[in-house]
Structure formats: C-alpha cells, structure tokens
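Working notes, beginning with the structure itself.
Just so you know, residue 1 is the first one in the sequence shown, and it goes up from there.
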Amino acid sequence: METQVTKLSKWVKQLRAQVPVVKSKLINEIPGPINFPFIGNIIYFCDPKYGLDPRHTLRTMKYVNGKYGPMVRLKVPLRPTMVFLFDPYLCEKVYSSLGCQPVRPAFDALTFVQSRRQSWQGKKGLLVSHKEEWKDMRTKVQQPMLRPETAKCYISQLEEIATEFIENKVIPHRNKNNEMPDDFQQELYKWALECVMLISLNTRMGCLQNTLPKGSDAENLIEAVGSIFRLNQRLDMGMQLWRYTPLQGPTMRRFQRTCDLFYTISEKHVQISIEKIRKNGTAAQKKTLLELFHEKGCDEKTFTIMALDMLFAGIDTASHTVAFALFLLASHKNKQEKLYREVVEKVGVDGRLEKNSFNSMPYLKAVVKETLRMFAPASANIRELESDLSLDGYRLPAGTRVVFCHFTMSNSPQWVTEPDKFCPERWIKTEAEYEPIHRYVSLPFGHGPRMCVGMSFAQLELYILLVKLVQRFR
C-alpha cells in the first residue's frame with residue numbers, strides 16, 4: 001500500500017513533467033546592431049548622427065538603449081562579447097551574482113603600461129589589478145582608507161586649502177559681472193591636486209600660488225592626468241591591436257610617454273614623503289593616511305603605487321564634480337539660497353568646520369548626490385563574469401563583460417522623474433519632492449568590493465569647498 005508521501009512524490013513528478021522547460025536564449029540572440037563575420041557589430045554601435053567618435057559615447061549609450069532596449073550586445077573582434085545593461089533590476093541581479101573578488105576589466109591600456117613598468121616589478125594598483133593581486137593590496141589599505149575618522153582628520157587642512165583657493169583663484173579672477181573666466185576649470189584642477197597631495201602624501205604642492213611657474217610639477221601632473229584619461233579611452237576602443245604588435249602606433253607611444261611623466265613626477269614626491277616618515281616617525285595622535293599605511297606593514301612599493309592611484313583618480317573626478325555643482329547652483333538660485341541657509345544655520349556666516357559638521361547638513365549632501373546623478377564622473381561600471389549567468393531569459397557565458405550604464409539610467413525618465421531637473425530634494429525623505437529611486441540607478445563610486453576606496457575623502461573635499469564658497473558668495 002502506497003504511503004501518502006509516495007503518492008505526493010509521484011504527483012509532484014507528474015506536475016513537473018507537464019511544465020514546459022524554457023530554454024535560455026544564447027548570448028548572440030541579445031538585441032543589438034547587425035553582426036558581421038570577423039568584424040562583429042561595432043561599426044553600427046553608435047548614434048548615426050555622431051559616428052564612432054569616443055567623445056559622443058554618452059549619446060551612443062542613449063541611442064542604443066532607445067533602439068534595442070534594456071540589454072544590448074556588442075561584439076568586437078579579438079575582444080570578449082560585451083553586454084550593456086540599462087535596467088537597474090538587471091544590474092542588481094548581476095552585481096549580486098559576483099563573488100568577493102569581482103573582475104573589473106577597465107583601463108586596458110593603463111594596465112598594459114603598468115605591467116611593463118620595470119621599477120614596479122610587475123605590481124599594479126587597485127585600479128587595474130584583479131583577483132589575488134587585487135585582494136592582497138585591498139586588504140593592506142582598506143582599513144585606513146575606509147575608516148571615517150581617517151578622513152575627518154583632514155578637515156581643518158582641507159578647509160585651509162579651500163580658503164586659499166577662494167582668495168587666490170576665485171576673487172582675483174572674477175570680471176565686472178562677478179563671472180569666472182573660461183579657463184576656470186584649470187584652477188579647479190589645481191585645487192583638486194592640492195587636496196589629493198595633502199591626503200595621499202601629507203604635503204602641499206603649492207598649486208594655489210598666484211603665479212604657478214610654467215612647466216612646474218603641478219602643471220605637468222594636471223596635464224598628464226587629463227591626457228591619460230583621454231588617450232586610454234581612445235586606446236581601449238575597438239580591437240586593441242597595440243596588444244599584439246611590438247611596433248606601437250603613435251597614440252600608444254604618446255600614452256606611454258605621458259604615463260612615464262606622471263609616474264616620474266609622482267614617485268619623486270612619494271619618496272620625499274616617505275623620507276619624512278622615516279625621519280619623524282608616526283607618533284602623532286592624528287596619523288595621516290601614508291603613516292597608517294606604514295603602520296599596517298605596507299612595503300614601500302605598495303604605498304607608492306597606492307599613492308599614485310589616488311593622485312590619478314582624484315584630480316579630474318573631484319574638479320569636474322565641483323564645476324558641475326557650481327554650475328547647477330548658479331543656475332538655480334532657489335537651491336543655492338536653500339543651501340546657504342543650511343550652511344549659515346549649522347556653521348555660521350564665517351564659521352569653521354568641525355569634525356561632525358556634515359552630520360547635520362542633509363541638503364549639502366543632497367546637492368552633491370544630485371550633481372553626481374546628473375553628471376557622474378564615470379559613465380558606467382564594468383565586470384567580467386567568471387561563471388555562466390542566466391539573465392532575463394538569456395544565457396551569458398563566463399568571460400562575458402557586463403557594462404552597467406548608470407549615467408544613462410540616471411538621466412532617463414524611465415527611472416528618474418524629470419531627470420533633466422536639478423532637484424536635490426529628491427534624495428531627502430522629509431521633502432515633498434522625495435523620490436524612491438532604485439539604488440542601482442546611480443552608483444557614482446561603484447558598487448560592492450570594488451567600489452572606490454577613496455569615496456569618503458572625495459566627498460569631504462567636495463563638501464568643504466562648497467561650504468566655503470557658499471559662505472563667501474551668496
């Protein structure tokens with residue numbers, strides 16, 4: 001006599017047999033431009049109005065999203081298949097599937113140059129390393145970098161830099177209409193370099209002098225970082241033939257020379273800072289980042305490379321974000337007035353910033369968050385799958401590179417109400433305009449184990465400069 005359990009088991013098997021098996025589609029079936037043998041579909045992966053010019057990448061992302069939907073396939077010869085995602089729910093599923101050492105295959109040209117730099121003995125920084133190499137460096141530096149108290153010990157010095165910037169680079173350069181000159185972005189680069197030199201090396205570069213000597217280290221570093229970003233973007237596009245030929249083209253040769261200049265100048269200043277630590281020790285109560293690295297047992301090569309990573313990543317990103325924030329505040333007087341009232345209430349018209357000043361300034365934080373939503377420094381994040389993944393009915397094999405197009409999502413009416421409207425209130429729950437935006441729409445500092453370790457320092461720089469500017473210029 002059959003037991004109830006046996007009968008139930010048979011019934012379940014019969015039910016399963018009646019349910020049709022849905023087979024996942026292949027990756028080549030994901031929507032995208034028409035694919036050709038040998039050359040893939042890259043020649044049509046663009047907005048027809050602008051072509052393949054990398055300066056119009058953001059327009060390309062918006063175009064392919066509108067034409068092909070939330071999931072778009074790109075195939076480039078000699079490169080892994082890439083899948084672009086424009087849906088935060090799909091992004092969340094991919095991010096959640098990644099392990100504790102996700103592979104982020106960005107800055108291919110920079111990786112190529114760093115791996116061949118003899119003085120580094122094959123070591124690479126957090127920005128371009130992967131797997132065990134990345135884990136080893138991250139383990140050494142993450143505690144000092146991620147501790148909020150580490151960042152807060154720089155508040156008074158960063159406030160001095162902001163004040164000096166206003167006195168030397170803002171007030172003297174305004175015209176009769178109180179407008180800044182067209183090249184004001186160059187002055188913001190100098191502010192950013194001065195901040196990152198303080199944080200990474202505990203030194204002042206002298207970038208904010210009234211007259212910076214032509215050909216100075218500061219000028220060369222700023223120019224080098226901008227060139228590295230532009231040239232790397234150009235070299236990473238397409239087939240990357242520079243990987244396979246010993247005779248490099250003019251763009252790669254220029255890129256290598258620019259990297260050499262950046263590393264030579266940076267390493268000189270790193271060595272100066274290391275010598276100061278050796279001479280003076282680390283007995284101070286408020287230890288700098290470099291001193292904390294030293295205490296954690298980082299060898300000289302490790303914190304040299306880490307300091308270079310910070311210099312490289314901290315100049316363009318911070319300066320551009322401040323520029324956009326100032327533009328948005330200047331264009332929206334009511335938002336500027338609201339920020340001014342918060343600053344005056346919490347800090348005063350000319351008050352100094354304290355360790356916990358920003359804990360009670362939600363509107364300031366919302367201004368920065370909204371700026372980063374509208375004008376994120378990085379248009380996308382990227383990860384390489386280490387195992388097969390079923391996503392939205394498609395089977396993505398291991399090795400597929402997934403691109404999370406956060407800039408496009410952040411500026412899409414599908415995911416943000418009136419995305420072209422500057423509305424810091426959308427991030428504050430007590431405001432009428434509050435909007436519960438999906439948390440995977442806007443990720444300006446990345447996500448997961450590979451998110452930016454310098455996030456707290458970058459935010460602090462932005463908060464301090466904005467507060468001092470709002471205090472001085474209503």
In chain order, what residues pass the side chain to side chain contact (heavy atoms under 4.5 Å, CB included) check against Ser216, with sequence neighbours excluded?
-> Leu212, Pro213, Ala218, Glu219
For residues His173 and Phe184, establish whether the separation of their ring centroids is below 6.0 Å.
-> no
Residues forming a salt bridge (Lys or Arg N to Asp or Glu O under 4.0 Å) with Arg373, sequence neighbours excluded = Glu370
So, Tyr154 side chain and Ile199 main chain: donor-acceptor pair closer than 3.5 Å or not?
-> yes
Carefully, step by step, assess Phe45 and Lys75 under the rule side chain to side chain contact (heavy atoms under 4.5 Å, CB included).
-> CA-CA 9 Å; Phe45 197 89; Lys75 181 59 184 171; over 6 Å; no
Applying side chain to side chain contact (heavy atoms under 4.5 Å, CB included), name anything that partners Tyr63, two or more places apart in sequence or on another chain.
-> Asp47, Pro48, Lys67
Partner set under salt bridge (Lys or Arg N to Asp or Glu O under 4.0 Å) for Glu384, not counting sequence neighbours = Arg401
Side chain to side chain contact (heavy atoms under 4.5 Å, CB included) between Tyr363 and Glu425, intermediate numbers included | CA-CA 8 Å; Tyr363 199 73; Glu425 289 82 359; 2.9 Å; yes
Thinking salt bridges, do Glu194 and Lys169 make one under a 4.0 Å N-O criterion?
-> no
Please list every donor-acceptor pair under 3.5 Å in which a side-chain atom of residues 317-328 meets a protein atom from a residue at least two apart or in another chain.
residue : atom : partner : partner atom : Å
Thr317  : OG1  : Ala313  : O            : 2.6
Ser319  : OG   : Ile315  : O            : 2.7
Ser319  : OG   : Asp316  : O            : 3.1
His320  : ND1  : Asp316  : O            : 3.3
His320  : NE2  : Tyr189  : OH           : 2.9
Thr321  : OG1  : Thr317  : O            : 2.8

Which residues share a side chain to side chain contact (heavy atoms under 4.5 Å, CB included) with Asp260, sequence neighbours left out | Arg117
Could you pull out the closest heavy-atom pair between Met374 and Phe407, with the gap in Å?
-> O-CE1, 3.5 Å
Which heavy atom of Asp108 sits nearest a heavy atom of Arg79, and at what distance?
-> OD2-NH2, 3.7 Å
By side-chain hydrogen bond (donor to acceptor under 3.5 Å, both in side chains), which residues pair with Arg254, not counting sequence neighbours?
-> none
Sequence-distant partners of Trp134, ring-ring contact (aromatic ring centres under 6.0 Å, His included), two or more places apart = none
ring-ring contact (aromatic ring centres under 6.0 Å, His included): which pairs involve residues 445-474, sequence neighbours left out?
-> Tyr95-His447, Phe358-Tyr463, Tyr440-His447
Step-by-step side chain to side chain contact (heavy atoms under 4.5 Å, CB included) determination, Arg55 to Gln233 | CA-CA 9 Å; Arg55 291 175 299 177; Gln233 182 183 27; over 6 Å; no
Evaluation steps, side chain to side chain contact (heavy atoms under 4.5 Å, CB included), between Asn28 and Asn35 = CA-CA 9 Å; Asn28 291 335; Asn35 198 61; 5.9 Å; no
Which residues pass the side-chain hydrogen bond (donor to acceptor under 3.5 Å, both in side chains) test with Thr417, sequence neighbours left out?
-> Glu435
Could you tell me which residues satisfy side chain to side chain contact (heavy atoms under 4.5 Å, CB included) with Lys25, sequence neighbours excluded, listed by chain and number?
-> Glu29, Tyr394
Applying side-chain hydrogen bond (donor to acceptor under 3.5 Å, both in side chains), name anything that partners Glu433, two or more places apart in sequence or on another chain.
-> none
